[in-house]
Amino acid sequence: MIPLFKVSTSPRAADLVAEVLESGYLGEGPKVEAFEAELAKHFGTPRVATVNSATSGIHLVLHMLREEARGPGDRNEVLSTPLTFPSSNWPVLLNGFRLKWVDVDPATLNVDLDDVARKITERTRAIVVVHWGGYPIDMARLDAILDEAEALHGHRPVVLEDCAHAMGSTYHGEIVGTHGNPSVFSFQAVKHLNTADGGMLILPDDEMWRRARRLRWLGFDRDGTERFRSELNIEEYGFKFHMNDVAAAMGLANLDIVDGNIRRHKHNAARYDQALGDVAGLQLTERREGFESSFWLYSILVDDRPGFMRRMNEAGIHVSQVQRRNDLHTCVTDVRSQLPGLDSVADRMVAIPVGWWLKDEDVDYVVETIRGGW
């Protein structure tokens, strides 16, 4: 099979992990510090904080927003897309917010920004956006919507960017996740950058950054010269969301290869764009100037998805819907709503292999198989 996902590990990873194991210090220590320093260089911002998963990162940001939102006239509503992994949405509920679904733009598979504009109210505290497959949200359009909401309701909802798919993506030349919003990246095993499991926050200001660093490990302030001591006072209790040195060692090693891997994803996607645009029964997603995807996924819309998937499987090509729409889970029946955009694509969307492991001849074989019909 040509796999849809594959773990990428630098040859240097084993040596760095062995170094950690031999040191006897496995928790959050010098490797985490070194990894965060390299991430700060990579993203061009000092306000990064590693965590043990992107899910923890989303939970932590929403926790901080919840604490700030308490009081008379609570802003207890969060808008979010149902087209994502549940890790983007369950932290909304676990933090006591009311979840309100936003429709999906069939052209991009990102949130429908017109629907965002319609659904913002005076109770909206935050908007969770996912850069689907790596394709950036239109941040300028979203900022304009927030300007209008602030003028109308007297406050500006916070945008939480879920960048789990989007390492290496840019919006008009700027790195996705560095546009002044709390942003969360995933370093799960099959993501562009892999730490076995883990994630990272980029925070918009120093106060939120310092608070996130405290709360990720129970509330202990570890930014001073004194090493961790259980006797240190905790002013605000927190979570056990920190990254460990084993994961950070893998991350340090895999930073060596991540840019090359992403370039290959983009190269393969460009070949698909050129070869598949005229296939009957198949529709490509949007491409706009200035919106550069890292193509963690290459999603297409097909007629007769069962037949398409069966044909690909017979040809030894692994394809998948990847994510099931979250709004159909019975645990969130009480917040179900009409989402015509998502309805129009949910039974047609499928991802085909696009990753660094595909050679040109593999891409050609996938194209030939698709063009042969299903």
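Computed over heavy atoms, backbone and side chain alike; hydrogens, waters and symmetry mates excluded.
- A search for salt bridge (Lys or Arg N to Asp or Glu O under 4.0 Å) contacts involving Asp197 returns nothing, not counting sequence neighbours.
- Side chain of His192 to main chain of Ala166: no donor-acceptor pair is present (N/O by atom type, distance under 3.5 Å, no hydrogens or angles).
- Annotation: side-chain hydrogen bond (donor to acceptor under 3.5 Å, both in side chains) contacts of Asp259 (sequence neighbours excluded): none.
- Val51 and Met200 are not part of a single hydrophobic cluster, where members link through side-chain heavy atoms under 4.5 Å apart.
- Judged as a ring-ring contact (aromatic ring centres under 6.0 Å, His included), and not counting sequence neighbours, the contacts of Phe241 are His59, Phe239.
- Using a 4.5 Å cut-off between side-chain heavy atoms of Ile, Leu, Val, Met, Phe, Trp and Tyr, with links allowed through other members, Phe85 and Leu99 fall into different hydrophobic clusters.
- For Asn110 (side chain) and Trp132 (main-chain N/O), a donor-acceptor pair under 3.5 Å exists by modelled atom type.
- Listed by chain and residue number, Tyr298 satisfy the ring-ring contact (aromatic ring centres under 6.0 Å, His included) test with Phe295 (two or more places apart in sequence, or in another chain).
- Residues Pro91 and Thr55 meet the side-chain proximity criterion, which asks for heavy atoms closer than 4.5 Å.
- Of the possible donor and acceptor atoms, one in the side chain of Asn326 sits under 3.5 Å from a partner among the backbone N and O of Thr84.
- Nearest heavy-atom pair, Phe97 versus Arg75, reported as atom, atom and distance to 0.1 Å: CE2-O, 3.7 Å.
- The backbone N or O of His179 sits nowhere less than 3.5 Å from a side-chain atom of Glu174 that would complete a donor-acceptor pair.
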Would you check, one step at a time, whether the test salt bridge (charged side-chain N to carboxylate O under 4.0 Å, His left out) holds for Arg156 with Asp147? CA-CA 7 Å; Arg156 190 181 189 87; Asp147 288 342; 2.7 Å; yes

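- Applying the ring-ring contact (aromatic ring centres under 6.0 Å, His included) test to His131 and every residue at least two apart in sequence or in another chain returns nothing.
- Taking the six-membered ring for Trp and thresholds of 30 and 60 degrees, His265 and Trp357 have ring planes more than 60 degrees apart, a perpendicular arrangement.
- Residues that satisfy the salt bridge (Lys or Arg N to Asp or Glu O under 4.0 Å) test with Glu77, not counting sequence neighbours, are Arg98, Lys100.
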Is there a salt bridge (charged side-chain N to carboxylate O under 4.0 Å, His left out) between Asp115 and Arg118 once you walk through the steps? CA-CA 5 Å; Asp115 201 37; Arg118 285 189 293 267; 3.2 Å; yes

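- Between Asp362 and Pro353 there is no side-chain heavy-atom pair separated by less than 4.5 Å.
- Side-chain N or O atoms of Arg305 include one that pairs as donor or acceptor with a backbone N or O of Ala346 at under 3.5 Å.
- Pairs engaging residues 319-336 under the salt bridge (charged side-chain N to carboxylate O under 4.0 Å, His left out) rule: Arg325-Asp327, Arg325-Asp343 [sequence neighbours left out].
- In terms of the ring-ring contact (aromatic ring centres under 6.0 Å, His included) criterion, residue partners of Phe291 (sequence neighbours excluded) are, by chain and number, Tyr135, Tyr171, His172.
- The environment of Gln338 atom CD is sparse: at most 12 non-hydrogen atoms of other residues, nucleotides or ligands sit within 6.0 angstrom.
- Formation of a donor-acceptor pair under 3.5 Å by the Asn181 side chain with backbone atoms of Pro204 is not found in this model.
- Proximity of Val350 to Ile300: side-chain heavy atoms (C-beta onward) are separated by under 4.5 Å at one or more points.
- A search for salt bridge (Lys or Arg N to Asp or Glu O under 4.0 Å) contacts involving Glu38 returns Lys41, not counting sequence neighbours.
- When atom types are taken as modelled, the side chain of Asn261 and the backbone of Trp356 share no donor-acceptor pair closer than 3.5 angstrom.
- With contacts defined as side-chain heavy-atom distances shorter than 4.5 Å, the pair Leu26/Leu21 qualifies.
- With Arg348 as the partner, the side-chain contact (heavy atoms from CB on, under 4.5 Å) test is satisfied by one option alone out of Asp304, Leu301, Leu282: Leu301.
- A side chain to side chain donor-acceptor pair (under 3.5 Å) check over residues 13-23, counting only residues at least two apart or in different chains, returns the pairs Glu19-Lys31.
- In this structure the side chain of Asp162 reaches within 4.5 angstrom of the side chain of Ile58, judged on heavy atoms.
- Remark: Glu314 CD is packed, more than 12 non-hydrogen atoms of other residues, nucleotides or ligands lying under 6.0 Å away.
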So Glu235 and Arg214, salt bridge (charged side-chain N to carboxylate O under 4.0 Å, His left out) or not? Walk me through it. CA-CA 10 Å; Glu235 295 180 359; Arg214 291 195 306 271; 5.8 Å; no

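- Paired with Asn268 under the rule side-chain hydrogen bond (donor to acceptor under 3.5 Å, both in side chains), one option of Arg264, Arg271, Lys266 passes, and it is Arg264.
- Between Ser183 and Thr178, every side-chain heavy-atom pair lies at or beyond the 4.5 Å cut-off.
- Under a hydrophobic-cluster definition in which Ile, Leu, Val, Met, Phe, Trp and Tyr are linked whenever side-chain heavy atoms come within less than 4.5 Å, directly or via other members, Leu339 and Val335 are assigned to the same cluster.
- Side chain of Thr195 to main chain of Gly251: no donor-acceptor pair is present (N/O by atom type, distance under 3.5 Å, no hydrogens or angles).
- Counted by atom type alone, Arg125 and Asn76 present zero donor-acceptor pairs between their side chains at under 3.5 Å.
- Without hydrogens or angle criteria, Asp112 side chain to Val102 main chain gives no donor-acceptor distance under 3.5 Å.
- Residues forming a salt bridge (Lys or Arg N to Asp or Glu O under 4.0 Å) with Arg141 (at least two apart in sequence, or on another chain): Asp114.
- Inter-residue side-chain proximity for Val332 and Trp101 is flagged as met; some heavy-atom pair is nearer than 4.5 Å.
- The main-chain N or O of His165 is found under 3.5 Å from a side-chain atom of Ser294 such that the two form a donor-acceptor pair.
- Within the structure, side chain to side chain donor-acceptor pair (under 3.5 Å) pairs that include any residue of residues 365-374 comprise Asp278-Arg371 (at least two apart or interchain).
- Side-chain contact between Asp364 and Lys359 is absent, with no heavy atoms from C-beta onward closer than 4.5 Å.
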